[in-house]
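To keep things clear, I will list the structure first and then write my remarks on it.
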Amino acid sequence: MSQPRDLDSSLRLLDCALANSTARGSPRIGHGSQRTIRSHSQSTSVYNRTVSNARDDTLDASIIGMASGRLSVAPAARRPLPQNAQLVHDVSITLAPHEFELFGNQSVLSKTLSQGNWTDTWDRLHIQFLESFLTHGSEQQVFEIVGDFIQNCTDTLEVLQEECAKKGLDQKDLLWLRNERNTWGLLYCLYQNRLSSRHRAALDSPGDGQCTLMEDDSRNSLSLKQHLSEKDVVNQLYENDPVVTECQLVIDWLEKCAADHKVESGGPEIGHFTDKIVAWENTLLQLKMNKERDSTIAYGATKSIVSRLDPDAPIRENRSLHDLDWEDEARLMHQIFVEIRCGRLDAAQSLCCHCGQPWRAAVLEGWRLLHDPNYESAPTAGSVSCKMPIEGNPNRDLWKVCAWRMSEDYKMPVYTRATQGVLCGNLDALLPVCQKWEDVLWAHLRVLVDIRVETEIRSQLGFNREYAEMPEKYWQKDLTLEEIFEQLGKHQNCREEASKPDHRVQELLILEKIGPLLNRMEEWSMDCGPQMLRFFAHLVLVLRLLGHSDLAGDNVIQSYVKYLIGLREPRLVAHYVAQLPQEEQISNYASFLATVTDDEERQACLAEAEEAGLDIETITTTVVEMIRKQETKCLITSETTASDLKKISALDWLVFYPAQRAEALWQANALMRSFLAAGKIDATTKAFNKIPSDSITKIVEEFQVRADEIDVNLQENLPRRVAASIREYFCYKAYLDAKDGFSDWHQHFHNAKPNKPTDPGENATFQERVAYDHRIAVYQRELDRWKQTMQSQTKTVRSLLYNVLLFPAGGWLVDSMSSVEPTELMSHEDDQDKLRKKELDYLRAQCIPEVVLLLHTVLFNMGDFAECVRLSDLVVTEQYELYKVYSTEQLGELMVKIADASLALLEHKKDPWGLPLSS
C-alpha cells in the first residue's frame with residue numbers, strides 16, 4: 001500500500017506514540033470498565049466542517065442549537081473524563097485519587113426511580129413525561145420538552161439496567177426505551193436544523209424587490225476569496241445543501257447512539273487484554289528467539305511467520321504473524337471500527353498508538369480536507385507575519401484511491417477493509433460488518449455524504465488541478481434517501497428491524513413525511529403496549545408544537561387517554577384529554593368520571609379538570625346524562641336496584657359547584673321522571689334528596705331574583721328552562737310529600753288503632769270484671785287519642801293530596817315550557833323537549849288518578865262521604881281539567897268509589913250528594 005503523502009501529520013502521531021511508550025507504567029491486573037466518551041462539540045464526522053451562519057441573533061435560542069451542525073443535546077449526564085491522555089485506555093480496577101470523584105454523579109431523578117420496583121419505574125414515565133410537557137408547554141420551549149424526554153428515558157434506563165443486573169432479568173424489554181430515547185434525539189437535531197434553516201430563509205428572502213445584505217453576502221462569500229480550499233467548498237456545501245446537512249446530522253445522531261449504547265452495555269476492549277505495548281510483540285519475541293536460536297519461548301508460532309516487522313510485511317511476504325498477534329490484531333481492527341462507528345476517530349487513532357501502531361493512526365488521517373489558513377489571515381500594519389501550518393492532506397485524492405484499493409483487497413481482514421471503506425466511501429466493504437438497522441443506515445449515509453462532498457470539491461476546484469479518478473463503482477452509490485430506506489428494507493441483516501415501529505418512525509422523521517407518520521401511529525396505537533402508546537402520544541404533541549397537526553394525531557392521543565383511564569390517574573387523564581378537540585374532551589373525560597364513585601376522588605378529578613382548562617359544566621352534565629341513559633339488564637321491579645343507586649349517585653357531580661344547581665335540578669327531574677314511570681317511589685325519594693335544600697335559593701340568587709318575586713311570576717323572572725325545572729321540582733316535592741303523608745296516615749290508621757279488650761263474659765268473677773272495666777277505660781282513652789291523631793293526620797294528608805290535585809298555574813306537572821306561543825315552541829323545542837313533554841303527560845295520567853283514589857280512601861275511611869262525592873266535581877271541572885288525564889277504565893273505577901260513598905250517605909239518612917233528606 002502506498003504511504004500517505006502528508007508526512008507531517010504522520011510524524012506528529014509517531015512522536016506522540018514514542019513519547020507515550022517511554023512513560024509506560026507497570027502492568028495492572030483486573031478488568032475495569034472505564035471508557036472514553038467524546039462530546040458532540042468534538043465529534044468527528046466524515047468531513048470536518050462548520051456551518052458558520054447556522055445561528056442568528058434574532059432567532060430564539062431554543063430553536064438555534066446547531067452552530068456546528070452537530071447534535072447538541074446530551075441525553076444523560078456522564079462521568080467526567082480524565083484529562084491525561086495516558087489515562088484514556090486505563091481500564092484497571094485500581095483507583096487513582098481523581099477517580100473517586102467519578103462516583104455520586106447520579107441524577108436526583110435516577111435516585112428517586114431506584115426506590116421503586118420494576119413496574120412502578122415503567123409507570124412513572126407517564127407522570128414524568130406529563131410534568132416535562134407542563135413545565136415547558138409552549139411552542140418556544142419545544143426543544144426543552146424534548147430534552148427532558150431524553151433525560152427521563154435515560155434516567156429510567158439506568159435504573160432498569162441496574163434492576164436487570166441485580167435480578168438477572170432479560171434486558172430485551174429495555175430495547176424499546178433505548179430506541180425511544182434515540183428517536184427523541186433524532187427529532188431534536190433534525191428540527192433544530194429545519195427550523196433554523198427556515199428562519200434563515202425567511203430572513204434572506206427579498207422584500208420589495210430588494211435583496212437583503214445577508215443574502216448578498218452568502219451569495220458572494222466564495223467569490224470574494226482569493227484562494228478556495230477544499231474545506232471552504234465543503235462548508236459552503238453544508239450551508240446551501242439541506243439534504244447533505246440533514247444526512248450529516250443523522251450520521252452524527254447514529255454515531256452518538258452507538259457511543260451511548262457502547263457505554264451502557266459495556267463489553268471487552270483492548271485495555272482488558274493488554275497494556276501499552278509495541279506492535280506485534282509476540283512476533284517480535286519469536287523473531288528475537290529465532291535469531292538467538294533460543295527455543296524456550298512459552299507459546300511458539302504454529303505457522304511460518306514474517307521475517308520483518310514493517311506494516312506491509314504480512315502482505316508482501318504472504319506470511320502470517322504469531323498466532324497471539326493475529327488475535328490481538330483482529331481485536332484491534334474490530335475496536336478501531338467500533339470507535340469510528342461511534343464517531344470517535346481521535347479515540348481510534350489513540351488506540352492505534354496505544355497498541356504500538358502509530359502508522360495505522362497516520363493512515364486514518366488521510367481523509368482530512370485541505371485548508372491553508374494563511375490566505376485568510378493577512379498581517380496587519382506593524383504586526384509580525386507568522387506562517388500557520390496547513391490543515392488536511394494535499395494529496396487526499398491519491399490517499400482515497402489507495403484506501404479504496406485497500407478496502408477492495410480480500411486478503412485484508414474484514415474490519416480493516418470496513419475501516420478504509422468508511423473513509424473512502426466504499427459501501428460494499430462496509431455492509432458485511434453492519435449487523436443492525438442503524439449500522440446499515442449509517443453506512444449508506446456515510447457513503448452518500450462522501451460522494452456528494454467529493455462531487456462538490458471536484459466541480460468547484462477541478463479547473464485548478466487534476467484529481468485522481470475514483471472507480472466507476474464509487475459514483476454508482478449516489479442514492480436518494482428514499483432509495484436508501486428501500487435498500488434497508490431489503491437488506492438481509494435488517495429486513496425485520498426495518499419494519500418495526502421504532503425504526504419506521506425514525507425513517508419517516510428523516511424523510512419528513514409527517515402525514516404518513518401520523519397515519520401509521522394511528523394504526524399502531526390500536527394494538528400496542530402502554531410505553532409505545534405513551535411515546536406515540538407525546539410525539540404527536542411535540543409535532544403539533546412544531547406545526548404539524550392531523551386528525552390521526554387526535555386518535556392517537558385518544559387511544560392513550562383510554563389507557564390512562566384504566567390507570568385511574570386524574571391528573572394524567574385531565575391534561576391529555578385537554579389536548580383533544582372540544583367534543584372529544586367532553587366525551588372522554590365524562591367516560592372517565594363515570595367510573596369514579598368516591599367523593600374525595602370525584603373532587604380531585606374536578607380539580608384536575610379545572611387546572612387543565614376543561615369545560616367542567618358540560619362534562620359533569622354529560623356524565624350524569626350518560627349514566628342516566630344507561631340501559632339496565634334486570635327484571636322490571638319497583639325495588640331500588642344497584643343501577644338505580646349508581647344513577648342517583650351520579651347527581652353528586654352537579655352539586656359540587658353552586659353555579660350548576662339549575663342543571664342539577666334539571667337532571668334530577670329527568671331521573672325522577674324515569675323512576676316514577678317505573679313505580680319506584682323509594683328511588684324517586686333518594687334522587688329528590690340528592691338536591692341540597694338551598695338549591696332554589698342559590699338559583700334565584702344566581703339570576704338576581706328577589707325572594708318575593710319567586711311566587712309572583714316565576715317564568716318572567718327566570719330563563720324558561722330554569723323556571724320549568726323549578727316548577728317540576730316543586731311538583732315532585734308535592735307528590736312525594738303526599739305519598740309520605742298517606743303512608744303515615746295508612747300506617748297509623750291500620751296499625752296504631754287500639755284493640756278493644758275482650759269481654760270476660762257473664763260468668764266472670766268480680767276481680768275479672770273490675771280488671772275488664774279498667775281495660776275498657778284505658779282503651780277508651782287511647783281510642784280518643786287515636787281519633788284525635790287521625791283527625792290531625794287526616795287534615796294534613798288531605799291538604800297534601802289536594803296540593804297535588806290543585807297545583808297552581810295550570811296543574812301538577814303541566815309544563816310551563818308548553819305555555820309559550822306555538823311559533824316559539826316550534827322554533828325552540830327539540831327532540832328532548834318533546835320527549836320530556838310526553839313523559840310529563842304520562843306521569844300525569846298515572847299519578848293524578850292515583851292521588852284522587854288515595855284522597856277518596858282517606859275521606860271514606862274517616863267517614864267524610866260527602867267530600868268523597870265532591871271529588872267528582874273536582875275531576876270534571878274545566879278549571880283543572882283533571883278528567884283529561886283519565887282513561888275510560890280509570891273513570892269507571894272512580895265512579896264505583898263515588899257510588900260507594902253515596903250509598904254510605906243514604907245509610908246515614910242523607911241524599912247521594914250528602915245533603916240532609918227533607919222530611
If a pair satisfies side chain to side chain donor-acceptor pair (under 3.5 Å) and one of its residues is in residues 539-563, list it, with sequence neighbours excluded.
->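 Qualifying pairs: His126-Tyr560, Tyr191-His548, Glu522-Asn555, Arg544-Asp554, Gln558-Glu584.
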
Euclidean distance, [Y] [atom2] relative to [X] [atom1], rounded to 0.5 Å:
| X | Y | atom1 | atom2 | value |
| --- | --- | --- | --- | --- |
| Leu134 | Leu130 | CG | CG | 4.0 Å |
| Phe536 | Leu541 | CZ | CG | 13.5 Å |
| Arg446 | Leu254 | CZ | CG | 10.5 Å |
| Leu249 | Arg194 | CG | CZ | 9.5 Å |
| Tyr238 | Glu246 | OH | CD | 12.5 Å |
| Glu456 | Asn240 | CD | CG | 8.0 Å |

Charged N to carboxylate O below 4.0 Å: is that the case for [X] and [Y]?
| X | Y | result |
| --- | --- | --- |
| Lys477 | Asp428 | yes |
| Glu339 | Lys262 | yes |
| Arg181 | Glu264 | yes |
| Glu523 | Arg520 | yes |

Can you see whether [X] engages [Y] through a side-chain donor-acceptor pair at a distance of less than 3.5 angstrom?
| X | Y | answer |
| --- | --- | --- |
| Arg568 | Thr595 | yes |
| Thr620 | Gln660 | yes |
| Asn588 | Tyr576 | no |
| Asn235 | Glu239 | no |
| Thr135 | Asp148 | no |
| Tyr657 | Glu617 | no |
| Asp252 | Gln248 | yes |

Start with the C-alpha distance between Phe149 and Phe535, add both sets of side-chain angles, then the distance that settles side-chain contact (heavy atoms from CB on, under 4.5 Å), and finish with yes or no.
-> CA-CA 10 Å; Phe149 289 170; Phe535 166 68; over 6 Å; no

Is a side-chain donor or acceptor of [X] paired with a backbone partner of [Y] at a separation under 3.5 angstrom?
| X | Y | value |
| --- | --- | --- |
| Thr156 | Cys153 | no |
| Asn493 | Cys434 | yes |
| His538 | Arg534 | yes |
| Trp437 | Ser499 | no |

Which heavy atom of [X] sits nearest a heavy atom of [Y], and at what distance?
| X | Y | answer |
| --- | --- | --- |
| Gln161 | Leu174 | CG-CD1, 3.6 Å |
| Arg504 | Trp524 | CB-CH2, 3.4 Å |
| Ala590 | Thr622 | CB-CG2, 3.9 Å |
| Trp653 | Leu593 | CZ2-O, 3.2 Å |
| Glu483 | Thr480 | OE1-N, 3.0 Å |
| Asn519 | Ala552 | OD1-CB, 3.6 Å |

Above 12 or not: heavy atoms from other molecules or residues under 6.0 Å from CD of Glu496?
->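 Atom CD in Glu496 is not crowded, with 12 or fewer foreign heavy atoms closer than 6.0 Å.
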
Could you tell me whether Gln582 atom CD has more than 12 heavy atoms of other residues or ligands within 6.0 Å of it?
->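 For Gln582, atom CD is crowded (more than 12 foreign heavy atoms under 6.0 Å).
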
Quick check: do [X] and [Y] have side-chain heavy atoms less than 4.5 Å from each other?
| X | Y | result |
| --- | --- | --- |
| Ile150 | Val146 | yes |
| Glu507 | Lys513 | no |
| Lys436 | His261 | yes |
| Arg344 | Glu255 | no |
| Asp502 | Glu180 | no |
| Leu606 | Glu610 | no |

Give the intermediate values and the outcome of ring-ring contact (aromatic ring centres under 6.0 Å, His included) for residues Tyr188 and Trp253.
-> CA-CA 10 Å; Tyr188 190 105; Trp253 167 72; over 10 Å; no

Parallel, tilted or perpendicular for Trp184 and Phe129, by the 30°/60° rule?
->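 Geometry flag for Phe129 against Trp184: tilted rings.
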
